[in-house]
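As structure tokens, the structure follows; a few thoughts come after it.
Given the structure is predicted, the values throughout are model-derived calculations rather than measurements. Order of the sequence lines fixes the chain letters, A, B, ..., with proteins taken first and strands second; residue numbering starts at 1 for each chain.
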There are 2 protein chains.
Amino acid sequence: MEKIAEKKKAILESTLKLVKENGFHGTPMSQVAKKAGVAAGTIYHYFDSKDTLIMELYLYTQYRVLDAMRENSREDMDYKTLFFSNWMSRCQFYIENPDALCFMEQFVNSPYNNRCSREQNERFQKEVLQFIERGIEQKYLKPMNQRLMCIMMHSTALTAAKIQLAGQVSLGEEELQQLAQMVWDGIKLN
Amino acid sequence: MEKIAEKKKAILESTLKLVKENGFHGTPMSQVAKKAGVAAGTIYHYFDSKDTLIMELYLYTQYRVLDAMRENSREDMDYKTLFFSNWMSRCQFYIENPDALCFMEQFVNSPYNNRCSREQNERFQKEVLQFIERGIEQKYLKPMNQRLMCIMMHSTALTAAKIQLAGQVSLGEEELQQLAQMVWDGIKLN
DNA sequence: CGCGACCGAATGAACGTTCAATAGACAATA
DNA sequence: TATTGTCTATTGAACGTTCATTCGGTCGCG
């Protein structure tokens, strides 16, 4: 991730928090400015409009997720371990960053997402997709539509985080492992 | 579901469509009124405010999902068949009602959801939760946290619908079955 | 001086909501 | 049957507020 001016970062992070608490509407630029400790006009020094601020925040957050996943995985891990690591990283990231989870979910289901170029989304998925392709080639996974496998990985991790945050269940490391195991059982070969 | 005045229904359904296309913000009451073929003031005859309109739309949609699931299940089905039926119904409902999917996802991740009483959400989950409890008691499912099982069912069905609608993959009946099978494999006992 | 970062009051458009007025349905009265 | 009163459903112009965005100006640094 390239370097980001301090104020720009402050604006991004303030927006994240406020969107979680108040939603897209309900988050006026004036409030973002206040929370970020800058003047209203300053935001427009870094972003063309509220819309582009939101878009950039989306990309910024995508990178943070990818980074989190890469951070916990090492070259020497075997396939299954890597799978668990990826699943857990993603889940943990969202649990540790509820603001991000909330924002991302709101974003992808909003009309903003359509305005977002398809390539941007593809780039994000490519890494996961390749990982799954490899699993099929090397006979770890059922030979199935790779996108479907993505569903299993992504949606379960995300929803686990959501449920955890909703306070309906408290999921310890152990239970997260169990969940990952369920997913693995669902897609592994045999 | 109790009878709903025609205009009220028109308002609800217009809101659903508009929220999908334009998001919560971006959907002014004036537009809702226009699409529903009523005057702006009429909305306030049926709903106290924009917020309560959105809340009621949420409950209304929840019932439609439950109804869809019940419609396709019969008393004489065995457990596994019932499981598949429920999963598929939910998935199909969202595929056939993309507006509803979009709206629900935006809603649950928005601050509206916090303002919604916990009971309302509980009531919706209760039926699924009981179904899973029964599966564990009767040794069809792994003896695990029932909420986690819910995650598997709910999130995968939902995400399958999402992916389908994003046009990334076209999922036929067959592929949906495969997905349901994956979920089943992940949670069944043995 | 010149330039980019930054400020924040001002602006104008958009929005949620209100309300006085109207129309229609129904019942009671004469 | 005609008349009156009441209540609900509906209208849409008007109101007051809020918000995204602008812009003239300040500051500090090279």
Every protein N/O within reach of nucleotides 7-9 of chain D N/O, cut-off under 3.5 Å:
residue: dA9(D); atom: OP2; partner: His45(B); partner atom: NE2; Å: 2.5
residue: dA9(D); atom: O5'; partner: His45(B); partner atom: NE2; Å: 3.3

- Task: Is it possible for you to check whether Lys8(B) lies under 6.0 Å from the centre of the six-membered ring of Phe47(B), through NZ or CZ, and within 45° of that ring's axis?
- Result: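 The answer is yes; both the distance and angle limits are met.
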Whole angstroms only, please: what is the [atom1]-[atom2] distance between [X] and [N]?
| X | N | atom1 | atom2 | answer |
| --- | --- | --- | --- | --- |
| Asn22(A) | dT18(D) | CG | P | 15 Å |
| Ile43(B) | dC19(C) | CD1 | P | 17 Å |
| Glu6(B) | dT10(D) | CD | C1' | 15 Å |

- Task: Start with the C-alpha distance between Ser85(B) and Asn72(B), add both sets of side-chain angles, then the distance that settles side chain to side chain donor-acceptor pair (under 3.5 Å), and finish with yes or no.
- Result: CA-CA 7 Å; Ser85(B) 162; Asn72(B) 296 316; 5.6 Å; no
For nucleotides 14-18 of chain C, tabulate all protein N/O to nucleotide N/O atom pairs closer than 3.5 Å, reporting atom names and distance.
residue: dG16(C); atom: OP1; partner: Lys50(B); partner atom: NZ; Å: 2.5
residue: dG16(C); atom: OP2; partner: Met29(B); partner atom: N; Å: 2.6
residue: dT17(C); atom: OP2; partner: Tyr44(B); partner atom: OH; Å: 2.6
residue: dT17(C); atom: OP2; partner: Lys50(B); partner atom: N; Å: 2.8
residue: dT17(C); atom: O5'; partner: Tyr44(B); partner atom: OH; Å: 3.3

Check whether more than 12 heavy atoms from other residues, nucleotides or ligands sit under 6.0 Å from atom [atom1] of [X], and answer yes or no.
| X | atom1 | result |
| --- | --- | --- |
| Asp48(A) | CG | no |
| Glu6(A) | CD | no |
| Asp51(A) | CG | yes |

- Message: What I want to find out is whether Arg70(A) reaches Asp67(A) closely enough, with some N-O distance under 4.0 Å, to be called a salt bridge.
- Response: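 Result for this pair is yes, salt bridge flagged.
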- Task: Indicate yes or no: does Asp78(A) engage Lys80(A) in a salt bridge with an N to O separation below 4.0 Å.
- Result: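 No, Asp78(A) and Lys80(A) are not salt-bridged.
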- Query: Does a donor on one side chain and an acceptor on the other come within less than 3.5 Å for Tyr60(A) and Glu13(A)?
  - Reply: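 Present: a donor and an acceptor within the cut-off.
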Tabulate protein N/O versus nucleotide N/O from nucleotides 25-30 of chain D, keeping only pairs under 3.5 Å, one per line.
none

- Kindly indicate whether the side chain of Leu141(B), heavy atoms from C-beta on, has any atom under 4.5 Å from the side chain of Phe83(B). no
- Evaluate the ring planes of Tyr79(A) and Phe131(A), with Trp represented by its six-membered ring, and classify them as parallel (under 30°), tilted (30 to 60°) or perpendicular (over 60°). parallel
